[in-house]
Amino acid sequence: MFQWKKLGKVFAPQEVTGRPWLKAFAQAPATLIFDDFVRVYFSCRPPADENGQFVSYSAWVDLDRKDLFKILRVAEQPILPLGGLGEFDEFGTYPVSVARDGDVVRAWYAGWTRCESVPFNVAIGTAVSTDQGENFTRIGCGPVIGYSPDEPFVMSGPKIRRFNGQWQLFYIAGRKWKHVDGRAEPVYKIRMATSEDGIHWHKQNRDLIESRLEEDEAQASPDVFYANGKYHMFFCYRYSSFYRSKQFGYRIGYASSDNLIDWVRDDSKAGIDVSEQGWDAEMISYPHVFEIDGKTFMAYLGDGVGREGFGLAELQGELK
């Protein structure tokens with residue numbers, strides 16, 4: 001069993017000034033490690049427009065490597081502009097995952113567009129940075145992973161990894177939409193694709209994690225790392241209905257694998273749950289695990305799926 005010690009909330013978007021596009025949410029934290037600081041990418045929103053509609057952007061905050069609660073810099077502008085008319089990312093980017101590739105930093109991100117019968121649809125695009133991950137440029141106007149007969153909608157939650165000389169992209173794919181109290185709610189499952197170049201992908205076309213709560217359990221944020229001879233995945237999951245409440249809200253789960261394809265789920269080993277009170281008392285979600293200077297941390301979201309920021313927990317003991 002993993003045991004995580006919660007350290008508290010690190011970053012709250014409400015405390016940032018001078019950036020009207022960054023007013024709420026710091027969702028889906030993902031790190032890029034530098035010599036003196038840790039850059040944490042996240043997704044955020046400005047206030048709704050006059051019609052009550054939102055857009056979302058992705059940005060970053062730099063944390064002092066020696067003191068992860070010391071904020072050094074916050075992005076002056078989004079890492080990517082919104083897509084053009086009719087493009088897959090016209091209304092937002094959320095979430096994003098980054099990795100170094102030689103002299104550049106590459107990003108895989110979910111771009112979303114508004115729909116009529118359901119709130120949104122999502123596909124996965126990619127972009128490149130030549131300034132150490134401060135700003136990115138899309139490789140094109142369309143996604144690299146879009147809808148298909150087996151994965152018809154909501155292609156989202158990309159987490160990029162590189163194992164055994166190959167790119168692995170863990171992501172979620174929509175299974176169905178459900179009508180709940182007059183609104184459409186998505187159900188999605190965790191999947192994986194592999195690539196030699198990060199652009200052309202071979203999908204495994206199978207769900208990786210079995211459902212536990214119910215058949216329509218929704219799963220997200222599959223964060224994978226390798227330690228002590230096997231692969232570990234932390235992810236989040238929720239009920240398909242009324243998940244904005246404490247009783248049915250997001251929780252963090254765990255699974256392990258020997259081959260990246262066949263996974264054994266055991267949430268009892270996750271070692272982290274909601275707090276009795278405070279900013280993460282209703283839900284915890286979107287885990288991201290990273291190691292620096294001999295310590296292992298988990299960045300994660302609290303109540304409202306990160307509306308008021310993200311926090312950190314530190315692993316007690318060693319990775320097993």
Side-chain angles (χ1 to χ4, degrees), residues 9-30 39-63 71-97 107 109-123 125 127 134-136 138 154 156-157 180-186 220-221 236 238 242-246 249-250 278-286 288 299-311:
K9 186 164 61 175
V10 176
F11 176 75
Q14 291 80 5
E15 297 176 1
V16 179
T17 60
R19 295 164 180 79
W21 51 274
L22 200 172
K23 285 298 182 182
F25 292 96
Q27 296 179 303
R39 177 161 292 160
V40 184
Y41 294 86
F42 61 90
S43 296
C44 57
R45 300 181 195 175
D49 65 17
E50 61 275 10
N51 297 316
Q53 296 279 10
F54 288 94
V55 296
S56 65
Y57 296 98
S58 290
W60 48 260
V61 56
D62 287 344
L63 309 177
I71 295 174
L72 302 178
R73 282 202 305 163
V74 179
E76 295 288 342
Q77 60 187 13
I79 64 171
L80 278 168
L82 297 179
L85 182 65
E87 294 173 357
F88 78 104
D89 51 0
E90 180 179 359
F91 295 104
T93 59
Y94 164 59
V96 63
S97 182
Y109 68 96
W112 65 273
T113 188
R114 296 172 186 161
C115 299
E116 182 173 337
S117 60
V118 295
F120 55 82
N121 210 345
V122 196
E134 292 196 18
N135 303 281
F136 288 82
R138 300 183 304 171
V154 188
S156 187
V180 180
D181 267 6
R183 64 190 300 168
E185 301 284 14
S221 191
C236 61
R238 61 167 174 81
F242 309 110
Y243 60 89
R244 295 169 182 84
S245 66
K246 180 173 184 177
Y250 274 110
W279 72 283
D280 59 352
E282 293 186 357
M283 66 177 69
I284 53 174
S285 61
Y286 285 79
H288 170 64
Y300 70 97
L301 305 181
D303 300 350
V305 200
R307 177 180 292 275
E308 296 185 358
F310 66 84

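When reading the values below, keep in mind they use all heavy atoms of this one structure, side chains included, and skip hydrogens, waters and symmetry mates.
Counting heavy atoms from C-beta on, the side chains of Pro186 and Phe120 come closer than 4.5 Å. For the pair Arg138 and Glu87, the minimum side-chain heavy-atom distance is below 4.5 Å. In this structure the side chain of Arg45 never reaches within 4.5 angstrom of the side chain of Lys23, judged on heavy atoms. Within the 4.5 Å cutoff, side-chain heavy atoms of Arg39 are placed close to those of Glu134. Between Asp89 and Leu82, every side-chain heavy-atom pair lies at or beyond the 4.5 Å cut-off.
Using modelled atom types, one side-chain atom of Gln14 and one backbone atom of Arg307 make a donor-acceptor pair closer than 3.5 Å. Proximity of a side-chain donor or acceptor of Asp49 to a complementary backbone N or O of Asn51 within less than 3.5 Å is detected. In this structure, Asn135 contributes its side chain and Ile79 its backbone to no donor-acceptor pair below 3.5 Å. Judged by distance alone, with hydrogens and angles left aside, the side-chain atoms of Asp62 form no donor-acceptor pair with the main-chain N or O of Arg73 at under 3.5 Å. Although no hydrogens or angles enter the test, the distance criterion places a donor-acceptor pair under 3.5 Å between the side chain of Arg19 and the main chain of Val74. Put simply, the side chain of Asn121 gets close to the backbone of Val154: a donor and an acceptor are under 3.5 Å apart.
Nearest heavy atoms, Pro29 versus Val40: CB-CG1, 3.7 Å. Scanning both residues, Ala75 and Trp21, for their nearest heavy atoms gives O-CZ2, 3.7 Å. Looking at every heavy atom in both residues, Gly306 comes nearest to Leu301 through N-CB, 3.8 Å. When every heavy atom of Ala24 is checked against every heavy atom of Pro13, the shortest pair comes out as C-CG, 3.8 Å.
The pair Lys9-Glu15 does not meet the salt-bridge criterion, since no charged nitrogen lies less than 4.0 angstrom from a carboxylate oxygen. The pair Glu185-Arg238 fails the salt-bridge criterion, with no side-chain N (NZ, NE, NH1 or NH2) lying under 4.0 Å from an Asp/Glu carboxylate O.
Between Phe11 and Phe42, the ring planes are tilted. Angles from 30° to 60° get that label.
Residue Gln27 is tested with Phe310, Tyr94, Tyr286 for a side chain to side chain contact (heavy atoms under 4.5 Å, CB included); the sole match is Tyr94.
Side-chain N/O atoms of Ser56 and Trp112 include a donor and acceptor closer than 3.5 Å.
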